[in-house]
Colleague: 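Input: one structure, supplied below.
Here is how names work: the chains are called A, B, and so on, in the same order as the sequence lines, proteins then strands, and each is numbered from 1.
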Amino acid sequence: MLEVKRIRKNRDFVIKSLEKRGIKDVETKVDEVIKLDDDRKTLQTESDEILSNINKASKKIGDLFKSGKGNEAESLKGEVADLKQKVGFYEEKLKETEEALEANLLEIPNVPHESVPAGVTEEDNEITEDWNGPLPQLGDEAKPHWELIEKYDLVDFNLGVKIAGSGFPVYKGKGAVLQRALIRYFLDEATKAGCLEIIPPYLVNAATARGTGQLPDKEGQMYHVTKDDLYLIPTAEVPVTNIFRGDIVNADELPYKLTAYTPCFRREAGSYGADVKGLNRVHQFDKVEMVVIAKPEDSYNILDWMVEHVRNLLKNLGLPFRILRLCGGDLGFTSALTFDFEVYSAAQKKWLEVSSVSNFETYQSNRMKIRYKNESGKSELVHTLNGSVLALARIVASLLENNQTESGIEIPSVLKPYTGFERITL
RNA sequence: GGUGAGGUGGGUGAGUGGCUUAAACCACCGGUUUGCUAAACCGGCGUACUGUAACAGGUACCGCGGGUUCGAAUCCCGCCCUCACCGCCA
């Protein structure tokens with residue numbers, strides 16, 4: 001959530017920036033927060049003063065008893081009782097105000113970065129880098145990936161339905177090996193780029209889900225194990241960023257660059273049609289994620305660095321891709337700036353989102369209280385960033401479609417050391 | 001799942017109702033001394049809110065939430081978590 005101090009300091013700028021998201025009544029919401037914060041301060045000051053008087057009186061009572069002046073002590077007790085009643089009232093008010101303040105803050109999304117274009121739908125996203133080479137031209141006999149999968153027996157969706165339900169693919173043979181090869185390749189590249197590899201828990205508690213903002217905004221997106229009150233992770237971002245929840249990290253060690261492979265579980269309630277065909281949108285998919293904890297002054301350089309990392313992966317895989325700067329309306333609730341990567345899936349003739357690289361600035365770290373000591377020794381919130389490097393299912397879809405030939409599916413050369421085979425054939 | 005023990009600052013760990021303003025030690029930072037390093041000595045060393053031009057000052061925090069009391073780390077109740085042993089088990 002946003003920092004109240006920042007809202008107070010830059011009220012007009014915050015309002016103007018939030019309007020790029022196309023949400024209503026921004027000004028009202030912002031001013032409500034400021035008003036509640038004013039109330040909170042007043043109440044805090046008043047209740048603190050009374051508490052201070054109670055503390056003084058209590059000390060005095062102790063002294064009076066010790067020096068044998070029991071009578072005076074008894075009359076003081078009466079005064080304290082009055083004060084306690086009064087402070088009870090203020091404390092209750094204070095608690096209500098704090099809760100209202102927090103509830104209001106949770107409803108305000110992150111302030112978009114100045115470079116974010118105003119806009120409502122994905123049509124308004126800015127293509128910052130379009131594919132300037134030729135798109136793969138496939139012959140008439142070209143098949144979409146769900147037919148290729150069947151032809152070469154790489155993934156079995158029906159088996160997944162039998163075991164779990166729709167949207168839970170079962171990878172088989174070379175399909176499974178290709179999957180594993182991609183995971184290893186992505187992890188190796190992230191490690192080479194300086195990331196520490198993590199294998200986190202795949203189930204998380206509510207506090208963790210709240211930390212990265214999945215709760216309360218995206219509750220319906222996650223699978224919930226009610227018996228133990230745990231959530232299946234929708235992305236490695238959730239457990240990995242929460243490693244630092246509540247910490248004051250060592251400034252000298254920043255930035256922390258982490259990477260993790262995890263399966264990702266998403267309920268995708270309400271999805272239907274061509275969107276969910278084949279591997280386009282599934283309930284369980286594999287992803288390698290990168291998470292960075294950075295000093296505020298470094299975070300946008302790191303964002304660029306992450307974008308460059310993803311660009312290189314896609315280049316090395318030989319997949320046509322484009323990069324989008326998300327507009328205000330399409331930008332995630334907690335993000336300040338997001339670049340999406342889309343690869344072209346030649347048989348479907350569709351662009352598929354395979355990576356989303358975001359800077360959350362202090363929005364997550366404020367909720368999670370991740371801080372560091374700046375040079376003058378003051379605690380300051382860190383910036384958090386994350387990005388997919390990359391999401392597997394759709395990479396596989398595009399790879400199969402783009403690389404199909406009459407004699408089989410060609411494996412990109414960077415993957416050959418990992419797969420151990422050069423093409424997928426009948 | 002059963003039984004027991006326990007949760008105190010960055011770490012170890014003392015503290016069973018008011019000289020606790022959380023001891024002491026370690027770690028860390030600064031200083032003195034010093035060929036260098038080390039040692040010794042001195043000082044500093046939590047978080048949040050509030051407050052101030054900046055200091056100062058105030059309040060809260062000893063797992064979490066309630067309660068008793070003029071006063072709670074300390075007493076009472078509930079919850080959570082950790083550890084150990086047993087059972088089951090990759």
Colleague: Calculate the interatomic distance between A:Phe244 atom CZ and B:G10 atom C1'; express it in whole Å.
Modeller: 17 Å
Colleague: Determine the interatomic distance between C1' on B:A72 and the same-named atom on B:G66; round to the nearest Å.
Modeller: 14 Å
Colleague: Which is more 5' along RNA chain B, the nucleotide nearest A:Ile248 or the one nearest A:Lys41? Just name the residue.
Modeller: A:Ile248
Colleague: From CG of A:Leu230 over to P of B:C80, roughly how many Å is that when rounded to an integer?
Modeller: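 Distance, rounded to whole Å: 14 Å.
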Colleague: Provide the distance between the two C1' atoms, one in B:G46 and one in B:G11, to the nearest whole Å.
Modeller: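 One C1' to the other, the span is 14 Å.
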Colleague: Think A:Lys174 forms a cation-pi with A:Phe421, using NZ or CZ under 6.0 Å from the six-ring centre and within 45 degrees of its axis?
Modeller: yes
Colleague: Specify the separation, in whole Å, of atom NZ of A:Lys369 and atom C1' of B:G46.
Modeller: 17 Å
Colleague: Determine yes or no for a side-chain-to-main-chain donor-acceptor pair under 3.5 angstrom, with A:Arg21 supplying the side chain and A:Pro112 the backbone.
Modeller: no
Colleague: Provide the distance between the two P atoms, one in B:A39 and one in B:G7, to the nearest whole Å.
Modeller: 33 Å
Colleague: Would you say the side-chain atoms of A:Gln348 and A:Asn280 include a donor-acceptor pair closer than 3.5 Å?
Modeller: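 Yes, a side-chain donor-acceptor pair sits under 3.5 Å.
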Colleague: Between B:C89 and B:C80, how far apart are the two P atoms, rounded to whole Å?
Modeller: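 About 28 Å, rounded to a whole number of Å.
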Colleague: Do A:Asp286 and A:Gln179 get their side chains close enough for a donor-acceptor pair, meaning under 3.5 Å?
Modeller: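 The criterion, which ignores hydrogens and geometry beyond distance, is satisfied for A:Gln179 and A:Asp286.
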Colleague: Which whole number of Å gives the distance between the C1' atom of B:U8 and that of B:A56?
Modeller: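 Those two atoms are separated by 29 Å.
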Colleague: Hydrogens and angles aside, do A:Ser299 and A:Asn359 bring a side-chain donor and acceptor to less than 3.5 Å of each other?
Modeller: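 Note: A:Ser299 and A:Asn359 side chains meet the donor-acceptor criterion.
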Colleague: Go through the side-chain N and O atoms of A:Ser356 and A:Asp340 and say whether any donor and acceptor fall under 3.5 Å apart.
Modeller: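 Yes - a donor-acceptor pair under 3.5 Å links their side chains.
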Colleague: Check the distance between B:U50's C1' and A:Ile50's CD1 and give it to me in whole angstrom.
Modeller: 14 Å
Colleague: Would you tabulate the pairs of protein nitrogen or oxygen atoms and nucleotide nitrogen or oxygen atoms of nucleotides 55-60 of chain B closer than 3.5 angstrom?
Modeller:
unit_1, atom_1, unit_2, atom_2, d
B:G58, O3', A:Ser52, OG, 3.3
B:G58, N2, A:Asp48, OD2, 2.9
B:U59, OP1, A:Asn55, ND2, 3.3
B:U59, O2', A:Asp48, OD1, 3.0

Colleague: How far, in whole Å, is B:U3 from B:G58 if one measures between their C1' atoms?
Modeller: 48 Å
Colleague: May I have the distance from A:Leu83 (atom CG) to B:U69 (atom C1'), rounded to whole angstrom?
Modeller: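 To the nearest whole Å, that distance equals 16 Å.
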Colleague: Is there a donor-acceptor contact under 3.5 Å linking the side chains of A:Tyr261 and A:Glu197?
Modeller: no
Colleague: Can you tell me how the ring of A:Phe168 sits relative to the ring of A:His283, calling it parallel under 30°, perpendicular over 60° and tilted otherwise?
Modeller: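 Rings of A:Phe168 and A:His283: tilted, as their planes differ by 30° to 60°.
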Colleague: I want to check something: taking the side chain as every heavy atom from C-beta on, are A:Val249 and A:Glu253 in contact at a cut-off of under 4.5 Å?
Modeller: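 Answer no - side chains too far apart.
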Colleague: Using Watson-Crick or G-U wobble pairs with both distances under 3.5 Å, give me RNA chain B in dot-bracket, 5' to 3', with [ ] for crossers and | for pairs to another strand.
Modeller: ((((((((.[[[..)..(.....]]].(((((.......))))).(((((......))))).[[[[[..)....]]]]])))))))....
Colleague: For the pair made of CG in A:Leu94 and C1' in B:U50, what is the distance, rounded to whole Å?
Modeller: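 Roughly 11 Å, once rounded to whole Å.
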Colleague: Does A:Ala347 offer a backbone N or O that forms a donor-acceptor pair with the side chain of A:Glu401 under 3.5 Å?
Modeller: yes
Colleague: B:U47, OP1 or OP2 - any side-chain N/O from A:Arg371 closer than 4.0 Å?
Modeller: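 False: A:Arg371 side-chain N/O out of range (4.0 Å or more) of B:U47 OP1/OP2.
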Colleague: Give me the distance, rounded to whole Å, that separates B:G57 from B:G65 when you measure between the C1' atoms they each carry.
Modeller: 31 Å
Colleague: Please compare A:Arg40 and A:Lys84 by the position of their nearest nucleotide in RNA chain B and report the one closer to 5'.
Modeller: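 Nearest-nucleotide comparison on RNA chain B picks A:Arg40.
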Colleague: With a 3.5 Å cut-off and no angle check, do the side chains of A:Thr241 and A:Gln364 form a donor-acceptor pair?
Modeller: no
Colleague: Would you say the side-chain atoms of A:Asn205 and A:Thr208 include a donor-acceptor pair closer than 3.5 Å?
Modeller: yes
Colleague: Nearest-Å distance, CD (A:Glu46) to C1' (B:C49)?
Modeller: 15 Å
Colleague: Does some side-chain heavy atom of A:Glu361 sit less than 4.5 Å from a side-chain heavy atom of A:Leu381?
Modeller: no
Colleague: Atom pairs under 3.5 Å, N or O on each side, protein against nucleotides 18-23 of chain B: can you list them with distances?
Modeller:
unit_1, atom_1, unit_2, atom_2, d
B:G18, O2', A:Lys66, NZ, 3.3
B:G18, N2, A:Ser58, O, 2.8

Colleague: Mind checking A:Ile54 for me? I need base, sugar-phosphate or nothing, with any heavy atom below 4.0 Å counting as a touch.
Modeller: nothing
Colleague: Distance check, C1' atoms only: B:U59 and B:C36, in whole angstrom units.
Modeller: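 50 Å, rounded to whole Å.
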Colleague: Over how many whole Å does the gap from A:Asp229 atom CG to B:C80 atom C1' extend?
Modeller: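 A:Asp229 atom CG is separated from B:C80 atom C1' by 12 Å.
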